[in-house]
Amino acid sequence: MADNKATKEEVEAFLNEFKEKARVFGIVYNEDKGENRQTLLDLELFGSKRDQYILNLRPEDYYQGPEENEYDENEGPVWMFGIGIKKRGKGKKIPIYIKIYITKTEGASNYCISFHIAKFEMLFPFNTEL
């Protein structure tokens, strides 16, 4: 089971801080992960659309975290979210797993480790469905 240890208020505070910094300095994506690139191709998404999805995250999209940042131990903790995205021409939403963090370096972009089709079921403590 997911480790949903944050309160709704903590998730909201994280998202507000993440979005505020991202609107100024942007979001850098882990393009080394093939599954991240493949999801963009599969869903026919442009990079700017991916930004919109992340900047529109709500506390209800929270999946788990915060957790230690194993990707970069010098940076802030990672938070995980899930959203549903419809593929063009298809009716059913595809679950997308998102893992992000706020960079500690002033003037640096925030970071998205994962933005790909979910490989597992996600349970949301503040929402019942994607």
Side-chain angles (χ1 to χ4, degrees):
M1 180 153 160
D3 186 8
N4 313 111
K5 56 188 169 190
T7 66
K8 192 169 187 176
E9 292 76 22
E10 289 169 328
V11 174
E12 191 166 10
F14 167 79
L15 286 173
N16 287 339
E17 184 179 349
F18 183 94
K19 291 173 185 182
E20 187 176 311
K21 186 171 184 185
R23 284 188 183 100
V24 176
F25 300 108
I27 304 168
V28 172
Y29 294 89
N30 181 357
E31 300 296 349
D32 294 337
K33 277 184 135 176
E35 60 198 346
N36 289 343
R37 284 191 313 271
Q38 191 60 49
T39 294
L40 294 180
L41 293 171
D42 290 347
L43 297 178
E44 301 171 3
L45 289 178
F46 294 102
S48 61
K49 186 68 173 168
R50 180 174 50 180
D51 285 356
Q52 288 177 15
Y53 282 117
I54 290 178
L55 292 174
N56 286 322
L57 286 173
R58 307 164 301 137
E60 292 79 12
D61 302 320
Y62 168 74
Y63 165 56
Q64 76 183 64
E67 291 184 357
E68 184 178 330
N69 190 334
E70 295 176 2
Y71 185 79
D72 187 340
E73 61 190 33
N74 296 316
E75 291 293 355
V78 295
W79 294 68
M80 284 68 75
F81 296 86
I83 58 172
I85 297 178
K86 286 185 182 181
K87 185 173 181 177
R88 198 167 22 176
K90 305 287 182 190
K92 188 177 178 191
K93 288 184 177 180
I94 297 169
I96 303 297
Y97 172 75
I98 300 169
K99 183 186 256 187
I100 55 177
Y101 65 84
I102 299 169
T103 55
K104 291 182 179 178
T105 306
E106 193 168 326
S109 302
N110 285 336
Y111 202 82
C112 177
I113 298 169
S114 298
F115 187 101
H116 58 75
I117 295 170
K119 300 177 191 174
F120 44 82
E121 183 180 359
M122 293 182 283
L123 302 174
F124 304 94
F126 311 125
N127 196 2
T128 56
E129 61 183 66
L130 273 178

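Relative to the six-membered ring of Y97, K99 misses at least one condition, a distance below 6.0 Å or an angle of at most 45° to the axis.
If you take CD1 on I85 and OG1 on T39, they are separated by 8.5 Å, rounding to the nearest 0.5 Å. Between the CG atom in D61 and the CG atom in N127 there is a gap of 7.0 Å [rounded to 0.5 Å]. With rounding to the nearest 0.5 Å, the separation of CZ in F18 from CD1 in I27 is 4.5 Å. Atom CG of L57 sits about 12.5 Å away from atom CH2 of W79, to the nearest 0.5 Å. Note that the CG atom of L123 and the CD atom of Q64 stand 10.0 Å from one another [nearest 0.5 Å]. One distance of note links CG of L15 with OH of Y62; it measures 10.5 Å at 0.5 Å rounding.
Inter-residue side-chain proximity for K49 and Y53 is flagged as met; some heavy-atom pair is nearer than 4.5 Å. For the pair N56 and I54, the minimum side-chain heavy-atom distance is 4.5 Å or more. When side chains are defined from C-beta on, V11 counts as touching F81, because their heavy atoms get closer than 4.5 Å. Under the 4.5 Å side-chain criterion, counting only non-hydrogen atoms from C-beta, L43 is in contact with I94. When side chains are defined from C-beta on, E68 does not count as touching V78, because their heavy atoms never get closer than 4.5 Å.
Taking a cutoff of 4.0 Å between a charged side-chain nitrogen and a carboxylate oxygen, E60 and K8 qualify as a salt bridge.
Atom CD of Q38 has more than 12 neighbouring heavy atoms from other residues, nucleotides or ligands inside a 6.0 Å radius. More than 12 heavy atoms of other shown residues, nucleotides or ligands fall within 6.0 angstrom of atom CD in E44.
Proximity of a side-chain donor or acceptor of E73 to a complementary backbone N or O of E70 within less than 3.5 Å is not detected. Proximity of a side-chain donor or acceptor of K5 to a complementary backbone N or O of G65 within less than 3.5 Å is not detected.
Other cluster members for L41: none, since no ILVMFWY side-chain heavy atom sits under 4.5 Å from it.
Residues satisfying the side-chain contact (heavy atoms from CB on, under 4.5 Å) criterion with N30, sequence neighbours excluded, are D32, K33, N36, Y71, Y111, I113. Every residue two or more places apart in sequence or in another chain was checked for a salt bridge (Lys or Arg N to Asp or Glu O under 4.0 Å) with R37, and none qualifies. Listed by chain and number, the residues in a side-chain contact (heavy atoms from CB on, under 4.5 Å) with L40 are L45, R50 (sequence neighbours excluded). D51 meets the side chain to side chain donor-acceptor pair (under 3.5 Å) test with Y29; sequence neighbours excluded.
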Would E35 and K119 count as a salt bridge (charged side-chain N to carboxylate O under 4.0 Å, His left out) if you check the C-alpha gap in whole Å, the side-chain angles of each, and the deciding distance to 0.1 Å? CA-CA 10 Å; E35 60 198 346; K119 300 177 191 174; 2.5 Å; yes
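Residues C112 and S114 approach most closely at SG-O, 3.3 Å, considering heavy atoms. Considering all non-hydrogen atoms of both residues, L55 and A22 come closest at CD2-CB, 3.8 Å.
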With a 3.5 Å cut-off and sequence neighbours excluded, list the donor-acceptor pairs that the side chains of residues 100-107 form with protein atoms.
unit_1, atom_1, unit_2, atom_2, d
T103, OG1, K21, NZ, 2.7
T103, OG1, A108, O, 3.3
T103, OG1, S109, O, 3.0

